[in-house]
Structures are given as structure tokens and as C-alpha cells.
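Down below is the structure, laid out as C-alpha cells.
We use all heavy atoms of the structure for the numbers below, so side chains are in, but hydrogens, waters and symmetry mates are not.
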Amino acid sequence: MQHTLENTIAESAFSEFENKQASLAQVNNKLRKQAFDAFTANGFPTTKNEEWKYCDVSTLMQTPLATSAQSQNKTTIDLPLLNDAIVLVFENGLFNESLSQYTSLPKGLTIELLQNTKHEAATKHYQQYADNQMAFSALNTAFNTGGLFIHAADQAIINDNIFIINRVSNLQNNATYCRNLIIAGTNAQMQVSLLTISSNATGYLNVVNELVALQNANLSFDFIQNDVDTLSQISNTYVYQKTQSTFTINTVTLGGKLVRNNLNMMLADANIETHLNGLFVINGKSLVDNHTAVHHAQPNCNSNQLYKGIVSQNATGVFNGKIFVYKDAQKTNAYQSNKNVLLSDDAKMFAKPQLEIYADDVKCSHGATTGQLDNEALFYLRSRGINLPDAQALLNFAFASDVLQNIKHEALHKYTVALLAQKL
Amino acid sequence: MLSIKNLQAAIGEKQILNGLNLEVKPGQVHAIMGPNGSGKSTLAAVLTGREDYDVNGGEVLFENENLIELAPEERAQKGVFLAFQYPIEIPGVSNATFLKEAVNAVRQAQGKAKLDAKEFLMIMKEKMALVEMDKTMTQRSVNEGFSGGEKKRNEIFQMAMLEPKLAILDETDSGLDIDALRIVADGVNKLRNPNRSFIVITHYQRLLDYIVPDFVHVLYQGRIVKSGGKELALELEEKGYDWIKEETVA
Ligand SMILES: Nc1ncnc2c1ncn2[C@@H]1O[C@H](COP(=O)(O)OP(=O)(O)O)[C@@H](O)[C@H]1O
Ligand SMILES: [Mg+2]
């Protein structure tokens, strides 16, 4: 460990956290310490690091590492889409029992708090995929205030939609943590949606998701980020798939000050299918940075990536998509498409696809385009009497719709479309 | 209704309209013919407010209002409609959504109540019949994957929905087979009334057998060089445009 002032402060924050939150440390005391040590060894990334070139986290470094959140917001979360669904609510990183609804779970579905669970699968998979070399991921492992373990047993077909609501409210200059371990067992099917919302909050939310689809499982995960523009968010999502599994993630970012999403997909077996869809619609001075890495380690896997961005005002979008095709991964199909629209002169977009291919019999393609709204289409709409702002909204909406249509849960799709409509 | 005086327009460095005059009274149908590149589509674009064009002379009054100063949508809201020579495809926006937005924007601007979903559907059904359009086309994205004929029919369908005062049809006949041509022309004829005027731009006389014009004008080098009745179209069909060109030069 380096002996710097930052590390000394971090050290004392960690030991204080360990003492205060002894109850949270049970499952993974050792893992917390390992993660913390990894963090202090590496420190925060700077913009000198190619991977963080456009994403300046220096302001987040000023935020204390351990959360000071205690009290809970009692305001109910009034979203019609939550009716009849399984809902798990976290307030400033702490589970809110009274706002959650998960009493009668379908057969084969286990939902427990990570800090309480004794489930074998939880111990087996927790922190198996998260990478301590990623500073924020390590911090999450060291400082998280608990989280969720969601498990669909082998053969379980879970039809209920499961919503995790992560709300940050009335909290200034704090780091809050969101931690999820979600496992679909052999032949299981499950869909989980994580919604981050916030009000009157500064600082940042630190999210780590470990998502596992075992053999022939079908897991889908919607990640809807709709935070206030004073709150930042850094997420690290790790996906691990076994043979014949299908996984879909839809990452939709509609707000936030600085949002960085690292999505790491490990296709560890043959015959896997995986879909990564993303949409970000940002304005003001927001920065949204999506980094994806798809690892094709074995043959006959398909990955399909579609990321779209609509960037207006002074906002900045970043997309960095890496595809690795390992030597053994013959017959890989890996597709990536990134399309962005800039709505103002000051809006910026940095897109970088990266392919590293070490097998010879593969089909890979990538394409990144950034442009303005189609002027011909805009004129066509206006020539029919549609006012300019409505015409723009209609086109933006159309541009975004092929990403959103991947959200299979009808009520969530409707909700997201409505959020988008508000935003456009 | 429409009064164009000495209209001049350029795109970039290129001057295209060179002093064009045209008077259109309510209920009249004016055909504008002329060789390729003479400025017919440019006229349509300038009348509907396409931004690439620089109007650098003359004036256009529509119901005594200076049209050139208005945004494209304001012109549409006042009752100007263009059936595009090349209709634009808009993936992801359904025809029905698009038209509902358009019809209600126009109605709102005209101080009329918006149509609710049911009223809109009823009107849409009625107008679709006018151009024998298939029901499924309203759910498809605007013009996406439509055949040439379907696109042109869709233009006339939109016109029927928007009920303009002045409709400009830019080569609506091009690329249509004879059956499609008849359907489109019938649709237009059904929309003719004493208050609605048409400017029918066409390269060929064929369309004018179906949509019979009150006046025929020949546009050449950005100017109307000859005007007459419907028989002028027949003459052009017979003799081509060369004699006009010679006459103009002479
Ligand atoms: N975007 C443009 N840039 C430059 N020249 C153009 C452009 N559009 C049209 N023109 C030119 O303007 C002239 C008139 O074109 P147009 O109005 O389309 O003629 P028409 O419809 O009668 O065939 C032609 O010489 C054409 O090449
Ligand atoms: Mg033309």
C-alpha cells in the first residue's frame, strides 16, 4: 500500500466503517478487506488513463468513501408499473422493508439481503466476477451497505417481474452503494429491472451488479438510470454466462450528472447468446460514458450490441465498445452498432469501437455514426404542419425506439417511453 | 389565393428561379410543365419553405400574407401542402402517429379542437378509401419500404387528411403505372372544390388527361415562358420542349 494522505484518510474511513457496520460485514469480511487493499494500491483513475479519458472523476474523489446515510425517506414510490410486481426498495443504499413487496414469492425464487443470506449460491458467486482492479467496483465491495441476492433455482420459470428501486434522496456529498447478485440457475428464466431515481441529492451512487446465467438459462436485466442532474453514478456490471444461456441487458440513461457504466460480459462457454442494448438521452452538462467489453472465450457464441445516444445542449456522450474474440472462439458472431445524434453545436460525442480478434473463423462487425437529425425528414414533418420542437421530438423518439423495444416488460416499456417523451 | 411576383431564388451560388410570375385563384388547377432542371421542384421547395434555398427577389403572397417569411409548419398550418416528388422515409414513426400529430397541429393552429383517437380513426378510414390504400399501411413507418406507387398514394392520402387550400403536386405521376395513376388522379379529383387550388407539376401530359387543368404553364430556365389552356399540354406532348427553348432564345 502506498502511504499517501488520501490513503490514510481512506484507511480510517474503512476501519471506522468496519466497526460501525459490523452487521454488514458478516458474509464477506475478508472480501471487503481485499477490495479495500486493491483500491488503495491503485487509487482513483485519472483522465490520463485511456479508459477514463473523457470521464473526469476528480470531483467524486472529494466525496467521503463511507456513506453517512441513516434515515429513510418515507415517501412512497408511486409508480403504477410496480403494482403486482415484486419490488425491492433501497433508500440511500439501505433496504427499505416497508416500501418493498416480496412476501409471496413464486416457487424457485429466493430473494434475500446479501448481508443476511446463507444461501450456498450467494457464497459461491459473490465477488467472483467483480474486478477489484476497477476502483469503484473495489470501493463498492469494501463499503457497500448490503444489497440483494436474487436467485432463480434450476428449472424455475419466474414470470413475475422483479424491480429493484434504488432511491437516493435528501443526501448531500455522499457515496451510496447499490450491490446486486442475480443468478438464473440451469434452465431457469427470470427478468429483473433496476431503476435508479433520486431527489435532492449530490455525491454519487456506486453500483455493482453481478449477473449470472447458468446453463440454458434466460436472464434479462433492465437498468434504467433516471437521476437528478446533481447526482453522479458509477456502475460496474459483470455478466457471466454458461453454455446455451441467453442474456439481455437494456441500459437506459435519462439523467445524472456524470454517469459511467462499465459493462463486462464473459461468455465463458460455447453456444451463448447475449444482447447489450443501450440508450442515453442527455442534456444540460451531463456526461454519460458507456464502456462495454464482450469477451468471447469459447466457440459458437453470438453477441449483439446496439447503443444509441441523443446528446443535446452542453452534454457529452462517450461510447467505448470492446469485443475480444479469444483464440478458441471460432464461429463467433459479434456485432456492434453505435449511433448518436447531436442536437446542438456544443453537444459532444466520443465513440470508439475496439475489436481484438484472435480466432480466424468469425463474423464481427462494428459501426459508429454520429450526426445531426435528418434534415430531410425534419422538413417533411414540418411541411405537414408539425411544429419544429415536436418534429424533433418525433424523430428522436423514432431514433430511440428500436433500443426501447427490447424492454419486454410491457409496463416498464411504457414507463420508459413516457420518461423519454418527457425528456425530448 | 396565391400571387407570385418576379420570384427569384438561388441555391448556393446557383440562381435557379429568374423572375417567376403566377396567379392562382381559388378552385383553379394550374399545371406547370417544363424540361428537367428548369426549376419546377425549386418552385415547390420555395413555396413550402425549404431552408436550403435563398429567395433573393420578388414576393409570394398567400391569401395576402407574405409566405416567404413563414416557417414550413406555419405555411402548412395556413393551408399549403406539397406532395413530394421524392417522399421521405421516416423509420420508427408510424404513418398514423405522424398524421395524427400533423392533423392536430394544423387544427390547433386554425383554432379548431383536436381530434380524439376515435374521430381521427374514422376520418382516416374514410380518406384511405379515397386512394384505395391498404389498412396496414397506417401502422407502418412513414414511407419505409413503400413502393414508388405506395409513396405517391400516401402523399395524396396525407393531402386528403390535411385538407389544404393550396396543394402542390410535384411529379406525382412519375413512376406510376396506369392503374396507380388513375387511382391517384381520382383521389385528387375528388378533392377538387371551389375553394381549393392545385399546382400540378408534371413532365408529361399523361396526368393531365385525368386531372384536367384550367391553365398550363411552361417553366424554362426559372421563368414561365408560355401559358395557355389545357390544349398547350397536348401541343407540348406532340412537339416536345425544343420549340419552346428556341422561342425563348429568339
Ligand atoms: N441542392 C442543389 N444544389 C445545386 N443545384 C441544385 C440543387 N437542387 C437543384 N439544383 C439545380 O437546380 C436546377 C433546377 O432543379 P429542379 O428545381 O429540381 O428542376 P426540375 O424539378 O424542374 O427538374 C437544376 O439545374 C438542378 O441541377
Ligand atoms: Mg423536379
Spacing of [atom1] belonging to [X] relative to [atom2] belonging to [Y], to within rounding of 0.5 Å:
X: B:Leu162; Y: A:Ser383; atom1: CG; atom2: OG; value: 9.0 Å
X: B:Glu74; Y: A:Asn387; atom1: CD; atom2: CG; value: 8.0 Å
X: B:Ile90; Y: A:Leu378; atom1: CD1; atom2: CG; value: 9.0 Å
X: B:Ile88; Y: A:Phe379; atom1: CD1; atom2: CZ; value: 9.0 Å
X: B:Arg75; Y: A:Arg382; atom1: CZ; atom2: CZ; value: 9.5 Å
X: A:Arg384; Y: B:Leu82; atom1: CZ; atom2: CG; value: 6.5 Å

For [X], which atoms come within 4.5 Å of any heavy atom of chain A: side chain, backbone, both, or neither?
X: B:Asn143; answer: side chain
X: B:Gln158; answer: side chain
X: B:Arg50; answer: both
X: B:Pro164; answer: neither
X: B:Val142; answer: side chain

Listed once per pair and sorted, the ring-ring contact (aromatic ring centres under 6.0 Å, His included) pairs that draw on residues 95-128 of chain B, sequence neighbours left out: A:Tyr380-B:Phe98
Residues at least two apart in sequence or cross-chain that pass side-chain contact (heavy atoms from CB on, under 4.5 Å) with A:Tyr54, listed by chain then number, are A:Val318, A:Phe350
Is it true that, when you exclude A:Asp84 itself, more than 12 heavy atoms of the residues, nucleotides or ligands shown sit nearer than 6.0 Å to its CG? no
Heavy atoms only: give me the nearest B:Ala76-A:Gly385 pair and the separation to one decimal. CB-N, 3.3 Å
Where do B:Pro91 and A:Ala398 come nearest, in terms of heavy atoms and distance? O-CB, 3.3 Å
Using non-hydrogen atoms and a limit below 4.5 Å, what part of residues 407-424 of chain A faces chain B? none
Residue pairs passing the side chain to side chain donor-acceptor pair (under 3.5 Å) test with at least one member in residues 79-92 of chain B, sequence neighbours excluded, are B:Ser41-B:Gln85, B:Glu89-B:Lys151
Distance-only side-chain donor-acceptor flag, A:Asn375 / B:Glu51, under 3.5 Å: no
Of the backbone (N, CA, C, O) and the side chain (C-beta and beyond), which part of A:Asp402 lies under 4.5 Å from a heavy atom of chain B, both, or neither? neither
Would you say the side chain of A:Leu394 lies within less than 4.5 Å of the side chain of B:Thr97, judging by non-hydrogen atoms? yes
Just wondering, do B:Glu73 and A:Ile386 contact through their side chains at under 4.5 Å, heavy atoms? no
